[in-house]
There are 2 protein chains.
Amino acid sequence: MATIYEVAALAGVSPATVSRVFNGQTVSAEKKRLVHEAATKLAFTPNRTARRLRGQSSEIIALLIPDIENPFFTALARGVEDCAREAGYSLVLCNTDDDPAKELHYLEIVASEQMAGVILAPASDEVDLGAIVSLGRPVVAVDRTTPYPVDAVKIDNRAAGIGATTALFEAGYRRIACIAGPAGIETTEDRFLGWRQVVAARKTVLHDGYLQHANFRVDGGRAAMRALLALDTPPDAVVTTNNLMAVGALQALAAAGIAPDAFGLAVLGELPFMALTPTPFVQVRLPARHLGRTAAAMLLERIGGDAQPPRTVVLRAEVNPPEEQAL
Amino acid sequence: MATIYEVAALAGVSPATVSRVFNGQTVSAEKKRLVHEAATKLAFTPNRTARRLRGQSSEIIALLIPDIENPFFTALARGVEDCAREAGYSLVLCNTDDDPAKELHYLEIVASEQMAGVILAPASDEVDLGAIVSLGRPVVAVDRTTPYPVDAVKIDNRAAGIGATTALFEAGYRRIACIAGPAGIETTEDRFLGWRQVVAARKTVLHDGYLQHANFRVDGGRAAMRALLALDTPPDAVVTTNNLMAVGALQALAAAGIAPDAFGLAVLGELPFMALTPTPFVQVRLPARHLGRTAAAMLLERIGGDAQPPRTVVLRAEVNPPEEQAL
DNA sequence: TTGAAAGCGCTAACAT
DNA sequence: ATGTTAGCGCTTTCAA
């Protein structure tokens with residue numbers, strides 16, 4: 001790695017001039033040419049580490065997500081990346097595994113690496129943003145909110161739950177169950193509250209066990225669906241509150257040999273890579289990519305110095321009734 | 001951000017002693033205590049940027065993959081991450097979109113950020129590793145190889161293609177087509193060569209158009225399958241050379257109303273998040289996570305100073321016949 | 001417009 | 001065992 005000193009020597013100018021050339025400062029055309037020539041000859045690339053130490057910040061933003069193998073979060077990541085790249089920022093992706101310890105570790109790295117900012121899908125309600133917030137590094141929470149005074153972008157989860165459940169009701173189902181995520185997580189809590197609101201208002205049949213809590217993954221959805229089917233009075237439809245649990249639920253239905261139309265399904269999220277639509281289902285599309293783009297845009301504004309009070313942007317999900325689920 | 005100077009002042013020791021405490025050097029228990037106390041009080045975290053500028057390297061490794069939304073690559077990333085974390089390294093994920101320009105951009109960042117090393121799934125045969133190799137930064141190519149003298153981990157793609165095709169033949173299919181990836185990419189080239197070898201040796205029926213080239217995504221697989229079904233003498237089975245194209249092929253089959261057992265399918269890769277197995281199919285599992293772990297282990301060895309000549313590790317895929325595709 | 005020089009926070013060589 | 005000090009490569013005053 002050549003340094004500005006070597007370039008300066010070769011070009012016959014001072015290191016400061018080389019720096020100026022690479023930072024769009026006023027330098028005479030002649031010297032500019034000399035510097036570029038020398039830089040090319042030496043394959044010079046400015047050392048970002050030094051630049052960062054000096055300037056106390058870098059053009060890198062971090063995105064902390066709980067599960068990199070969940071298509072919802074990879075889509076979100078794409079949204080962030082698209083937006084960040086346009087602004088000349090690079091994206092660093094970190095997998096927290098929903099583990100507050102890993103999350104904290106990565107947040108420390110963000111600070112000590114002097115990254116420009118961080119977008120975070122919090123692992124739990126007990127995120128510790130204290131350090132990073134008091135440091136003044138911009139933070140945007142995405143998908144879930146936090147108790148800290150930082151920007152947030154989320155989905156109207158309650159409305160999504162309401163939309164999904166209502167669509168099932170209108171399709172004629174009357175015993176509508178819900179496979180919710182882990183108790184105590186805001187996102188899934190709101191979605192299941194939406195479900196509860198509708199089943200209560202519509203006076204559908206409701207048995208013990210119609211609300212199943214599961215982990216957010218495929219196996220959780222599968223186990224929950226099995227439990228539902230094993231009830232004395234099984235439901236005739238189910239709302240799954242995320243994408244992967246829906247996959248598990250479908251697997252359990254198929255394994256139980258339930259006929260396509262005999263059971264109603266509403267999915268919050270995109271059914272990832274579905275080869276076949278086994279049964280028409282209600283889909284509430286969650287705008288993952290858009291969530292990412294919005295979060296990135298907000299973060300970039302903060303990085304740019306915007307100091308208005310923290311905002312929370314709520315995006316609305318789009319409900320598609322069963323008929324429209326053609327490939 | 002507190003600095004070692006502030007900690008040193010508060011603890012009544014020299015900056016060097018603070019540094020030693022945080023780097024496992026010999027420091028008396030008493031001073032160690034004082035330093036820790038002061039550090040805690042000031043919420044001190046060592047500044048990685050300064051440390052890196054000083055030490056010319058960091059505990060970060062980069063992973064460059066062509067498509068973060070492809071489960072094959074996210075599984076690979078998990079493998080890398082698991083291994084890296086155990087060794088105290090953090091992982092930075094970069095999405096190249098199969099674009100050599102983006103790839104080069106990220107490689108420059110790797111160098112100028114003084115990351116410890118990089119694991120790369122090359123976008124094309126024309127990767128430009130010249131700069132990073134001559135800089136001496138460890139590089140491991142994964143999934144695809146490169147013309148440069150760097151370590152590589154790949155799958156025995158030819159054997160995978162052979163296994164898939166043979167399994168279809170043994171299941172009784174005689175008109176076996178192949179949906180290959182873009183021409184000129186080594187990975188897919190080898191897989192389709194395996195297919196060709198078997199169809200030639202077994203003297204199966206082979207028509208023009210039985211070899212379809214497609215992009216690596218769902219839409220590519222779908223289009224290719226449609227083209228196959230539109231042939232005068234359509235095939236009775238197909239080998240798809242990656243996971244996403246298989247999803248597309250299944251979609252096209254379902255759309256065409258082809259009955260489950262009427263058409264043979266062999267998939268190279270995991271069918272991601274399959275809710276239902278529409279038809280028994282041959283699966284050649286590609287050890288994505290293992291690929292990642294292996295690559296990470298090799299990279300860490302290089303980072304540790306290992307200077308043996310470049311190695312290429314070839315992992316074998318595992319063929320599962322149709323019967324075993326239970327959920 | 002250009003150059004000289006002072007750090008950014010840390011580590012390691014050297015001295016004590 | 002501990003302190004002093006010289007950089008790592010860059011940006012940015014301050015002077016010229």
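Convention: sequence-line order gives letters A, B, ...; per-chain numbering from 1.
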TODO: Only one of B:T294, B:T74, B:D82 passes side-chain hydrogen bond (donor to acceptor under 3.5 Å, both in side chains) with B:R289; say which it is.
DONE: B:D82
Interatomic distance, [X] [atom1] vs [N] [atom2] [rounded to whole Å]:
X      : N      : atom1 : atom2 : result
A:Q114 : C:dG9  : CD    : C1'   : 9 Å
A:R48  : D:dC8  : CZ    : C1'   : 18 Å
B:L53  : C:dC8  : CG    : P     : 13 Å
A:N47  : C:dC10 : CG    : P     : 17 Å
B:E30  : D:dA1  : CD    : C1'   : 13 Å
B:E113 : D:dC10 : CD    : P     : 13 Å
A:Q56  : C:dC10 : CD    : C1'   : 13 Å

TODO: Using a strict cut-off of less than 4.0 Å between a Lys/Arg side-chain nitrogen and an Asp/Glu carboxylate oxygen, indicate whether A:E86 and A:R293 qualify as a salt bridge.
DONE: yes
Can you give me every donor-acceptor pair (side chain of residues 111-118 of chain B, partner residue at least two apart or in another chain, under 3.5 Å) with its distance?
residue, atom, partner, partner atom, Å
B:S112, OG, A:R48, NE, 2.8
B:S112, OG, B:E108, O, 3.2
B:E113, OE1, A:R52, NH2, 2.2
B:E113, OE1, B:R52, NH1, 3.3
B:E113, OE2, A:R52, NH2, 2.8
B:Q114, OE1, A:N47, ND2, 3.3
B:Q114, OE1, A:T49, OG1, 2.5
B:Q114, NE2, B:Q56, OE1, 3.2

Task: N/O donor-acceptor pair under 3.5 Å between A:N23 side chain and A:Q25 backbone - done: no
TODO: Choose from D:dG9, D:dG3, C:dT2 the nucleotide whose nearest atom is closest to any side-chain atom of B:V13.
DONE: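 Nearest to the side chain of B:V13 among the choices is D:dG3.
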Task: End-to-end axis angle, where each axis spans five pairs of the helix from C:dT1-D:dA16 to C:dT16-D:dA1, to 10° - done: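 Inter-axis angle at the termini of the helix from C:dT1-D:dA16 to C:dT16-D:dA1: 40°.
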Compare side-chain N and O positions of [X] against OP1 and OP2 of [N] and report whether any pair is under 4.0 Å apart.
X     : N     : result
A:S14 : C:dT2 : no
B:T17 : D:dG3 : yes
B:T49 : C:dC8 : no
B:K31 : D:dG3 : yes

Determine all donor-acceptor pairs shorter than 3.5 Å in which one atom belongs to a side chain in residues 62-73 of chain A; sequence neighbours excluded.
residue, atom, partner, partner atom, Å
A:D67, OD1, A:E69, N, 2.9
A:N70, OD1, A:F72, N, 2.8
A:N70, OD1, A:N243, ND2, 2.8

- [ ] Sugar-phosphate atoms are those with a prime plus P, OP1 and OP2; base atoms are the rest. Using that split, label each nucleotide of nucleotides 11-16 of chain C B, S or - for protein heavy atoms under 4.0 Å, 5' to 3'.
- [x] BBB---
Got a list of side-chain donor-acceptor pairs under 3.5 Å for residues 30-38 of chain B, not counting sequence neighbours?
residue, atom, partner, partner atom, Å
B:E30, OE2, B:R33, NH2, 3.3
B:R33, NH1, B:E37, OE2, 2.9
B:H36, ND1, B:K32, O, 3.3

Open item on the list: Are the side chains of A:R20 and A:V13 in contact, using a 4.5 Å heavy-atom criterion?
Closed with: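 No, their side chains stay 4.5 Å or more apart.
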TODO: Determine whether A:V142 and A:V80 make a side-chain contact, defined as any pair of heavy atoms from C-beta on separated by less than 4.5 Å.
DONE: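 The answer is no, as the side chains (C-beta and beyond) never meet within the 4.5 Å cut-off.
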Atom pairs and distances, side-chain donor-acceptor, residues 295-303 of chain B, under 3.5 Å, sequence neighbours left out:
residue, atom, partner, partner atom, Å
B:E301, OE1, B:R311, NH1, 3.1
B:R302, NE, B:D151, OD2, 2.6
B:R302, NH1, B:D306, O, 3.3
B:R302, NH1, B:Q308, O, 2.6
B:R302, NH2, B:D151, OD1, 2.8
B:R302, NH2, B:D151, OD2, 3.3
B:R302, NH2, B:Q308, O, 3.1
B:R302, NH2, B:P309, O, 3.3

